[in-house]
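First up is the structure itself, then whatever we jot down about it.
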Amino acid sequence: MEIYFQLIRDGEGLLAACEELKKEEFVGFDTETTELDPYDGDIRLVQFSSGKQNYVIDLKPFRDRGNLRDSAELAPLRDLLFADKPFKVAHNAKFDAKWIRHHLGTEIGGIYDTFLASQLIAAGDQDRRHSLADVAQFFTGTELDKTEQISDWGADELSHSQLEYAARDAAVMVQLREKMDERLELDGLTRVSRLEFECVMPIAELELNGCYLDEGRWREQLEKVKIAQAKAADELQDMLSAGVAQASLFGRAEINLDSQPQVTDALRNLGVPVPDTTRAWVLQPLAEKFPVVGKLLEYRGVAKMLGSFGENILEFIKPATRRIHADFRQIGAPTGRFACSNPNLQQIPHEEAYRRCFIAGEGKKLVIADYSQIELRILADFSHDENFIKAFESGADFHSTAAAQVFGVKPEDVTPEQRSFAKRLNFGVVYGMGASRFAEMTGITLAEGEATLRRYFTTYRGLDSWLRQAAEKAVNNRESRAASGRMIRMRYDENDPSSKGNVRRNGKNAPIQGTSADILKRALRLLHDSLRSTSGKLVNIVHDEIIVECDAAEAESTSALVENAMRTAGEEFITRVPIKIDIAIAAEWAK
DNA sequence: GTGAAGGGCCAC
DNA sequence: AAACGTGGCCCTTCAC
């Protein structure tokens with residue numbers, strides 16, 4: 001397929017192209033780069049398409065004439081990118097946004113991301129693929145050849161084939177957006193799509209900013225765990241080999257302590273009645289009677305820390321910035337939650353020993369803010385439940401207040417056990433927990449569990465009926481919706497007896513978890529806008545938590561901006577329940 | 001050698 | 001041996 005395009009290599013051509021593009025509502029947009037990470041390579045091409053005309057801007061001649069960030073002849077390009085109109089239609093715009101931000105020094109206004117749009121439309125359907133080639137095929141029937149994608153974009157002279165490929169990737173975006181926009185509208189996803197698109201730039205900056213990990217502190221902690229691990233391994237090895245006949249003759253029979261089958265075997269030799277799984281909650285009750293089980297759990301704990309949170313994390317520190325730049329997938333879960341990897345900064349142990357290793361840079365502070373009980377507040381708002389809402393309005397400790405309501409005692413008379421029961425119930429209902437599970441984990445009988453659950457839902461009748469309705473809707477409609485309109489498709493297999501229960505539980509949880517994600521994403525956008533002229537930089541997010549690094553002198557004002565953005569975002573979705581934000585200024589990620 | 005699958009466990 | 005939701009990472013095992 002021949003594509004006509006205009007190759008731009010000088011300021012004059014660039015200005016003319018930008019003047020034309022400015023007239024459009026939407027322009028196709030793409031970049032070609034020499035590496036995947038903006039800290040590692042150069043940006044070579046920037047491509048636009050108005051739908052009528054395609055432009056390929058070769059940045060190499062501009063770079064040869066001076067620094068891209070300072071180049072005056074690139075001003076029209078920066079202005080075009082920065083402006084909210086025209087919308088820049090890109091596939092996985094986070095990628096392009098990072099390169100533009102880092103190499104041209106401007107953020108991108110007006111992003112329309114067909115990658116995110118595709119994920120919103122698929123709404124969790126695992127069978128759908130989201131590469132540009134797949135999405136173009138699905139929505140426009142166009143076959144795209146991506147073989148040039150991995151070609152050498154650092155070459156002095158780019159081939160005609162490379163330039164044509166580059167031009168085409170921008171050119172397809174215009175029609176693709178039209179098709180996808182129709183679909184978004186039909187599926188009621190327009191609002192959530194804008195929410196997602198506006199969140200791209202904050203996440204691009206989050207990844208560029210990275211977070212600072214104190215390598216010395218981390219290694220100190222690592223050494224402690226290493227010693228504990230070696231000790232636990234040695235002791236466990238001793239205890240396990242006691243049941244092996246050869247041990248006395250040939251010394252200790254070493255087994256692989258990380259091997260589930262070998263450990264199970266050894267435990268059974270010792271007379272421990274181990275079921276087929278050896279997960280912690282199964283072993284826990286056996287630990288009292290069999291000390292070896294307790295030792296195994298101790299070993300597992302330290303081994304996990306050493307494996308997942310050991311030396312490996314340090315390898316993610318980028319030499320160029322001396323910071324960790326994790327990957328954040330904006331629609332990481334069908335509920336809209338983020339997923340994070342390389343490394344996953346959302347699963348750093350809560351223990352202070354680990355969190356305190358993530359520190360503010362020199363002369364900086366961290367503003368650490370999280371939504372208090374956001375999912376329960378969403379549930380209260382959705383269900384209109386009078387008592388549940390009252391418990392939040394009182395402003396007192398929520399689980400204690402709930403315990404007082406459920407068990408019919410005065411707030412000051414709530415026992416620690418009652419509070420603990422209420423807390424488990426409060427969290428459990430969000431996940432669609434049943435009586436048997438509740439009884440299991442609190443150590444009461446099934447009958448007592450059922451009675452307690454009944455009591456809970458009698459106290460919160462509105463909550464009960466909302467959860468039932470949410471479950472029914474999910475089964476009947478095969479989908480759930482979050483407050484933004486975000487759709488979560490339910491996979492329902494009528495031949496699978498467990499399927500209906502799965503869908504019912506999902507139906508209760510998905511709108512809540514999805515709305516929590518909506519609120520965080522809206523907050524990130526508002527925050528991004530309010531931090532623009534300050535020293536504040538977004539450095540981490542964990543589902544309901546935002547961490548900003550700023551100049552120490554600006555900590556108080558930054559804290560106010562963060563709180564304001566989070567509150568405003570919360571109040572856009574939740575109106576019947578107050579939003580509460582816990583916020584702290586600290587030198588390290590620990591409170 | 002390498003990759004997928006399964007078990008296990010960290011976060012919210 | 002989870003009928004408590006969403007992820008990612010580490011380790012072992014096993015097939016190719």
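Just so we're on the same page: letters track the sequence lines, and every chain starts at 1.
In the set dG7(C), dT6(C), dT13(C), the nucleotide with an atom closest to the side chain of P261(A) is dT13(C). Side-chain proximity of M441(A) to the nucleotides dC4(C), dT6(C), dC9(B) is greatest for dC4(C). Checked against dG7(C), dG5(C), dC12(B), the side chain of P334(A) finds its nearest nucleotide in dG7(C). The nucleotide whose nearest atom lies closest to any side-chain atom of Q347(A) is, among dC9(C), dG8(B), dT6(C), dC9(C). Between dA1(C), dT6(C), dC9(C), one nucleotide has an atom nearer to the side chain of P275(A) than all others, and that is dA1(C). Each of dG7(C), dG5(C), dA1(C) was ranked by its minimum atom distance to the side chain of R337(A); first place goes to dG5(C). The side chain of E440(A) lies closest to dA2(C) when the candidates are dA2(C), dC9(B), dC10(B).
A close approach under 4.0 Å does occur between a side-chain nitrogen or oxygen of Q262(A) and OP1 or OP2 of dT13(C). In terms of phosphate contacts, H350(A) brings no side-chain nitrogen or oxygen within less than 4.0 Å of OP1 or OP2 of dC10(B). Contact annotation: S259(A) reaches the phosphate of dT13(C) (side-chain N/O to OP1 or OP2, under 4.0 Å). Distances shorter than 4.0 Å separate none of the side-chain N or O atoms of N509(A) from OP1 or OP2 on dC4(C). Residue R300(A) has a polar side-chain atom (N or O) positioned under 4.0 Å from OP1 or OP2 of dC9(B). Side-chain N/O atoms of R329(A) include one lying less than 4.0 angstrom from OP1 or OP2 on dG8(C). Contact between the side-chain N/O atoms of N344(A) and the OP1/OP2 oxygens of dC10(C) is not found at any separation under 4.0 Å. Contact annotation: T335(A) does not reach the phosphate of dG5(C) (side-chain N/O to OP1 or OP2, under 4.0 Å).
Of the possible polar contacts, one joining the N209(A) side chain to the L538(A) backbone as a donor-acceptor pair under 3.5 Å is found.
Looking at heavy-atom distances under 4.0 Å, A303(A) makes no contact with the nucleic acid at all. Note on P349(A): only backbone sugar-phosphate atoms sit closer than 4.0 angstrom, heavy atoms only; bases stay farther off. As judged by a 4.0 angstrom heavy-atom cut-off over every strand, T278(A) is placed among residues touching the sugar-phosphate backbone only. Using a 4.0 Å heavy-atom distance criterion, Q260(A) is classed as a sugar-phosphate-only contact. G428(A) comes within 4.0 angstrom of no nucleic acid atom, judged by non-hydrogen atoms across all strands.
What separates CG of L520(A) from P of dG7(C) is a distance of 16 Å, to the nearest Å. Atom C1' of nucleotide dC12(B) and atom CZ of F338(A) are separated by 14 Å, given to the nearest angstrom. Taking atom CZ of residue R491(A) and atom C1' of nucleotide dT6(C), one finds them 17 Å apart after rounding to whole Å. Here the C1' atom of nucleotide dC11(C) and the CG atom of N312(A) are 12 Å apart, to the nearest Å. Atom C1' of nucleotide dC10(C) and atom CD1 of I348(A) are separated by 14 Å, given to the nearest angstrom. Rounded to whole Å, the distance from CZ on F427(A) to P on dA2(C) is 24 Å. E298(A) has its CD atom 17 Å from the C1' atom of dC9(B), to the nearest Å. Computed from coordinates, the H543(A) NE2 to dG8(C) P distance equals 10 Å when rounded to whole Å.
On a pure distance criterion of 3.5 Å, no polar donor-acceptor pair joins the side chain of K304(A) and the base of dC10(B). The base of dA2(C) sits within donor-acceptor range of the side chain of R437(A), with an N or O pair under 3.5 Å.
With respect to the salt-bridge test (charged N to carboxylate O, under 4.0 angstrom), the residues K226(A) and E223(A) qualify. Ionic pairing of K318(A) and D40(A) is present here: one or more N-O contacts between side-chain nitrogen and carboxylate oxygen are shorter than 4.0 angstrom.
Annotation: of the two residues near DNA chain C, F316(A) and D258(A), the 5′-most nearest-nucleotide partner is F316(A).
For K98(A) and Y39(A), the positive end is not near the middle of the six-membered ring at less than 6.0 Å and at most 45° from its axis.
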Might you work through the side-chain contact (heavy atoms from CB on, under 4.5 Å) test for K500(A) and Y492(A), ending with a clear yes or no? CA-CA 7 Å; K500(A) 192 166 185 175; Y492(A) 184 25; 3.5 Å; yes
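Shown are T401(A), T459(A), T458(A); of these, the side chain to side chain contact (heavy atoms under 4.5 Å, CB included) with V406(A) is made only by T459(A).
A ring-centre distance under 6.0 Å is not found for F197(A) and F115(A).
Here, dC4(C) and dA5(B) have their P atoms 26 Å apart, quoted to the whole Å.
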